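Throughout, protein chains are lettered first and strands after them, A, B, ... in sequence-line order, and every chain is numbered starting at 1. Everything numeric here is computed off the predicted structure, so don't read it as measured data.
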2 protein chains.
Amino acid sequence: MKTETRKEEIIRVAAKLFKQKGYSAVTMRDIAKAMGIKAASLYNHINSKQDILNEIIISLAEAFTQEMKQIQSSGVNSIDKLKKIIELHVNISSQNIYGMASLNNDWMHLKDKLQYYLKLRNTYEDDFKTILIDGITKNEIINIKPEVMMFSILTTLRSLYIWIPKKEQLNLEALTDDLINVLINGIAKE
Amino acid sequence: MKTETRKEEIIRVAAKLFKQKGYSAVTMRDIAKAMGIKAASLYNHINSKQDILNEIIISLAEAFTQEMKQIQSSGVNSIDKLKKIIELHVNISSQNIYGMASLNNDWMHLKDKLQYYLKLRNTYEDDFKTILIDGITKNEIINIKPEVMMFSILTTLRSLYIWIPKKEQLNLEALTDDLINVLINGIAKE
DNA sequence: GTCTATAAAATGATAGAC
DNA sequence: GTCTATCATTTTATAGAC
């Protein structure tokens with residue numbers, strides 16, 4: 001386990017606070033106080049509050065995009081691709097609950113990186129929809145508007161960060177199985 | 001159609017801005033500018049920025065709670081109750097897209113009304129879960145953890161405000177039907 | 001790497017004229 | 001009902017000492 005740098009600690013602590021109150025409501029003093037130092041000291045490790053948000057969001061968005069490309073080229077059928085997507089969201093969400101909150105709720109406060117983030121998000125959603133359309137064509141998925149199916153599944157997966165902390169023992173495999181059941185078995189033809 | 005009071009206009013304009021940037025990032029000057037007046041003039045109609053948020057969120061939370069009680073006592077089976085809940089969310093969300101954003105994302109910035117809001121939300125979720133458990137008991141709904149089913153369905157419904165604006169022609173009945181298909185038919189035993 | 005001190009701007013809200 | 005003027009506070013960020 002790599003030792004956490006001071007910069008990484010700032011990003012971790014900030015993300016936790018961003019989840020509680022949102023990016024705009026968290027001050028540099030809040031972050032500093034949570035670390036036991038003064039706000040001015042933060043600037044020895046990061047350039048601005050913006051930079052903290054950039055690091056949190058872009059690293060996650062890139063991770064999702066990259067994994068989606070892997071899934072796309074995995075050669076399995078559309079239902080199994082969807083299962084892999086569910087696993088992907090459970091894995092990343094459980095490993096970075098706080099960052100997922102910012103990815104979902106604070107992306108509009110990006111500035112320099114906003115267009116890049118939107119490009120990544122659109123690419124991800126296009127890939128997702130392509131899998132659904134492919135599944136419909138191959139008769140693996142019921143013929144309902146792919147937008148509605150994607151909306152339902154993706155919204156559920158994107159909100160996992162809200163619910164995972166509530167699971168008492170955090171049995172991720174059981175959660176993944178249940179989600180696959182609920183989300184897929186309503187889509188796949190029997 | 002009742003004429004909109006100045007106070008109602010402030011709440012409507014503020015909610016639209018809150019959806020775009022979140023409560024904390026919207027200033028009284030932003031709201032005033034969007035209305036073509038000065039920030040100081042707002043205070044002739046409302047007491048504080050907090051009050052605007054209170055009005056947006058509490059009126060919606062009470063509407064959901066009230067309708068849920070109607071559904072609970074409607075006497076239909078559990079699947080039909082779930083269908084009514086889906087219709088409820090589509091209706092309220094399409095009528096108040098901007099307010100739904102605050103209900104979902106800005107509730108943590110409530111102060112006086114925070115505990116009251118949390119009570120309403122908990123009551124709503126308990127009622128929802130009771131319907132699911134009742135359906136499982138009566139063999140109308142598959143036997144998966146009700147928490148996971150509620151999470152999946154409720155998260156999708158709570159995020160409708162994000163997606164409804166994207167529907168080009170806003171065919172709400174078709175959307176409701178598709179949602180019922182996707183959300184319920186994966187849950188109801190055939 | 002952290003501190004104190006402080007600059008420069010933004011913010012919620014009030015007072016009082018019209 | 002809206003305005004100008006203004007207050008008190010908060011906020012991001014920098015400078016320079018230790």
Legend entry - Phosphate OP1/OP2 of D:dC3: any B:S41 side-chain N/O under 4.0 Å: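 So the side chain of B:S41 is within the cut-off, an N or O lying under 4.0 Å from OP1 or OP2 of D:dC3.
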Inset, instruction - Kindly say if B:R29 contacts the phosphate of C:dA13, meaning a side-chain N or O under 4.0 Å from OP1 or OP2. - result: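 No.
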How many whole angstroms separate atom [atom1] of [X] from atom [atom2] of [N]?
X      : N      : atom1 : atom2 : value
A:K38  : D:dT11 : NZ    : C1'   : 16 Å
B:K33  : D:dT2  : NZ    : C1'   : 17 Å
A:Y43  : D:dT12 : OH    : P     : 6 Å
A:K111 : D:dT12 : NZ    : C1'   : 10 Å
A:I46  : D:dA13 : CD1   : C1'   : 10 Å
A:M28  : D:dT10 : CE    : P     : 18 Å
A:K49  : D:dT10 : NZ    : P     : 16 Å
B:I52  : C:dA13 : CD1   : C1'   : 12 Å

Inset, instruction - Compare every heavy atom of A:S152 with every heavy atom of B:T156, then report the nearest pair and how far apart it is. - result: OG1-O, 3.3 Å
Legend entry - Parallel, tilted or perpendicular: rings of A:W163 and B:F151 (30°, 60°): tilted
Legend entry - Whether B:Y124 and B:H89 hold their rings parallel, tilted or perpendicular, with breakpoints at 30° and 60°: perpendicular
Legend entry - Charged N-O contact under 4.0 Å between B:E125 and B:R158: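 Salt bridge between B:E125 and B:R158, a charged N being under 4.0 Å from a carboxylate O: yes.
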Legend entry - Closest to the B:H45 side chain, choosing from C:dT2, D:dG1, C:dA15: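 Out of C:dT2, D:dG1, C:dA15, the nucleotide with an atom closest to B:H45's side chain is D:dG1.
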Legend entry - Closest-nucleotide 5' rank along DNA chain D - winner of A:A25 and A:N47: A:A25
